[in-house]
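Worth knowing before you read on, the calculation uses all heavy atoms, side chains too, and leaves out hydrogens, waters and symmetry mates. The structure presented is a predicted model; accordingly, all values stated were derived computationally and were not measured. Chain letters run A, B, ... following the sequence lines, proteins first, then strands; residues in each count from 1.
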Amino acid sequence: MKIIIILTLLLFSIQYSYADAYCSLRDPVAQIQQLYPQKTNQLSIVKTVDNSTRNLVKLALPSNDLHFSELGRHTLYVAMKNTEALGYVHVRSEQSRWGLVEIIWALDKDLKIKNFTFQRCRSPKKKVLENEDFKNVFIGKSYEELKTLLSSDGITANNILLDKAKGAPELASVVLRCALKTLLITDILWGEELKKFNP
Amino acid sequence: MKTFRIFLMKFMRLLATLIILTSVPSHGDFSDNLRVSLDGSARLNVNNAANNTSRIYALGLDTHKVFSSTNGDIGYAVGQLYLTKLSNQTPYSFLFNSADDKQFVIREAHLNYTAGSKWFPNIRVGHFTLPFGLEASIDTNGRLLDYYHGKNLGTKLDWGLGFNKVLSQVQYEISYTLGGKNEPKTIDSSYVFSGRMGSLSHYDFIIGLSFLDAKIDNVQRKRLAIDWQYYWQTWGVLGEVAFGKDDKFQQTWLKEKYTLIELSKTSISEQFKFYGQYIFTDHEGESKNQQLINIGVRYQIDAKLELSLSSRKQLNTPESGKKQNLVRLQLRYRY
């Protein structure tokens, strides 16, 4: 048995990743079902977030960086209805004063936000940002459209978004930064491969 | 029972073969959707009670592979194989033959078939952590942090077959394994039947119920347990309470109690994690219970390098007269 496993591992060892896969879905099958109730399966596509990706994020979003644990192999899920792609699911985490906030983003095939839900958020203000008013600011928006919601400091959200955040400005900014990085990294790493689902 | 075990072995092999054969040709290279980490660690153990200093070195591959077809994912495989070298380690695990032995050690090595319909459970085959208590949802492989599965249940990992599923409100895992621990076979009619049902593992409050009925190393064990995890901002309070009985001497059942309470705190960046555990065990037939505290810190220096330190002390004096007093330091590098 050990020999079989050794041989299998040698087969596996074609490319290396960094540490543990960090922002992945804990329960992909069930959680994708919530965002795409009509899906029948999901297709995983794993790519590597490395220092060149990190530098591209810093260039596109000055004053921003990726948490060190965000480097490594990450999964984008294609929600499938039989052989048809319904959209994509991508989880990213963002540092906050309540620890890391992990958000599950549902993207449509044009890489616009379709919906989102918190996988892990230990801020007491989480409920405020789960209301439709706040979510609607994000839904249907592309990276460029969402970028207009950033203040000039490149980190905090502007008043258009904060007006919908009802006393949770810090968390609202966390969600916005997470959305921007998600759309940007999805396009940088997966964009080319996803074109086959949106001919 | 013997027929069932033979069937189980055949079913495990068949399912593993089917998943691999049906996925590879239909979706690109074998290296697609593959994560491989080279994982090395050096651990220093200072056992003040036994006046002994030892070291454990491990170097291995930690792999995760998603198998897919054009219609989506079929399942995934986890494989962890480590060359482990002991140096003056006493007492040493059943996996080794001497205090300075070295062996290839298989940690997790399993396939999980996930392509069933909404209600159909995922099927796991291979060598996996027993679905019981806190250990079932917190990965402690290669870490100083531990929830003491091996000590309480007879083994932490075993070869066998399991069913698991995450539903909208609960998740469950139930397994039947062979009780051979590191060997994929039964030894002296060994077996382990265990399971856990709990709330979803990404919630801030998680509660689970577990059971175990097993015969490992000629010891029969029965257990029921409740475990919980509560996270508030960067704090965590975890616990596990297990009751049961052991039969070590053929037809003499002795009651067992086990409680673990943990308080943890992580830094905002999650580079630091501090934890303290209080562990209480009571074995019927022994004049004294055992109370331990375990304090640890983990520092994630960067994405690859991790430094851990832990100290275990026994609060009450055991029958042997020597309280446990163990300090451990580990440096781990993953690439």
Side-chain angles (χ1 to χ4, degrees), chain A residues 1-2 4-6 8-22 25-31 33-34 39-48 67-73 75 77-80 82-83 93 95-100 102 104 118-124 126, chain B residues 27 29-38 60-66 68-73 76-77 79-81 104 106 109 114-115 117-118 122 127 139 159 165-168 171 183-184 200-204 231-235 266-271 300 302-304 306 334-335:
Chain A
M1 182 55 76
K2 280 182 187 170
I4 293 171
I5 291 173
I6 290 167
T8 308
L9 287 173
L10 285 174
L11 260 178
F12 276 14
S13 54
I14 298 158
Q15 55 193 105
Y16 289 100
S17 68
Y18 291 86
D20 305 300
Y22 201 74
L25 276 174
R26 312 270 178 88
D27 314 308
V29 177
Q31 289 180 283
Q33 194 81 46
Q34 283 179 12
K39 72 107 185 176
T40 54
N41 199 354
Q42 66 281 328
L43 178 67
S44 300
I45 306 175
V46 179
K47 301 278 181 191
T48 303
H67 188 268
F68 67 88
S69 295
E70 293 266 313
L71 298 174
R73 302 279 280 168
T75 307
Y77 299 91
V78 183
M80 306 287 290
N82 301 316
T83 54
S93 52
Q95 191 173 313
S96 77
R97 68 187 171 100
W98 311 278
L100 291 181
E102 297 172 7
I104 308 171
F118 291 101
Q119 175 166 259
R120 176 189 134 169
C121 177
R122 292 170 186 162
S123 161
K126 180 175 84 169
Chain B
H27 190 66
D29 297 334
F30 193 74
S31 60
D32 283 353
N33 291 347
L34 172 67
R35 298 183 178 104
V36 181
S37 291
L38 185 66
L61 288 174
D62 182 355
T63 61
H64 183 280
K65 159 80 180 165
V66 181
S68 305
S69 72
T70 48
N71 291 337
D73 297 342
Y76 64 86
Q80 300 173 334
L81 181 74
F104 277 106
I106 297 165
T114 59
S117 57
K118 282 182 189 175
N122 303 330
H127 194 234
D139 176 21
W159 289 93
K165 192 77 175 176
V166 179
L167 303 169
S168 59
Q171 61 185 69
E183 298 291 328
L200 302 187
S201 64
H202 61 275
Y203 285 176
D204 290 345
Y231 298 99
W232 183 77
Q233 301 196 6
T234 52
W235 293 89
T266 53
S267 63
I268 285 172
S269 67
E270 305 220 345
Q271 273 189 289
Q300 187 78 43
D302 59 25
K304 300 171 184 171
E306 180 190 272
R334 287 170 64 88
Y335 177 74

Leading residue by heavy atom contact count with chain B [cutoff under 4.5 Å; candidates A:Q95, A:K47, A:M80]: A:Q95

Distance in Å, B:S68 OG paired with A:N41 CG, rounded so as to fall on 0.5 Å steps: 8.5 Å

Side chain to side chain contact (heavy atoms under 4.5 Å, CB included) between A:R120 and B:Y231, intermediate numbers included: CA-CA 10 Å; A:R120 176 189 134 169; B:Y231 298 99; over 6 Å; no

Considering all heavy atoms, the nearest A:F68-B:D302 contact: CD1-C, 3.7 Å

B:S269 versus chain A, the contacting section by heavy-atom distance below 4.5 Å: both

Under 4.5 Å from a heavy atom of chain B, the part of A:T40 involved: neither

Side-chain H-bond candidate by donor/acceptor type, B:R35 with A:T48, under 3.5 Å: no

Separation between CG of A:L71 and NZ of B:K304, rounded to the nearest 0.5 Å: 8.5 Å

Among B:K165, B:H127, B:Q271, B:E306, residue most engaged with chain A (heavy-atom pairs, under 4.5 Å): B:Q271

Heavy-atom pair of closest approach, residues B:D204 and A:C121: OD2-O, 3.7 Å

Value rounded to 0.5 Å, distance of OG1 in B:T234 from CZ in A:R97: 11.0 Å

Verdict with supporting geometry, A:S44 and B:D73, side chain to side chain donor-acceptor pair (under 3.5 Å): CA-CA 7 Å; A:S44 300; B:D73 297 342; 2.5 Å; yes

Any donor-acceptor N or O pair under 3.5 Å, side chains A:T83, B:N71: no

Greatest number of heavy atom pairs closer than 4.5 Å to chain B - which of A:S123, A:S96, A:P124: A:S96

A:R122 bridged to B:E270 by N-O distance under 4.0 Å: no

Separation of A:Q34 CD from B:S168 OG (nearest 0.5 Å): 8.0 Å

Distance (rounded to the nearest 0.5 Å) between B:T70 OG1 and A:L43 CG: 9.0 Å

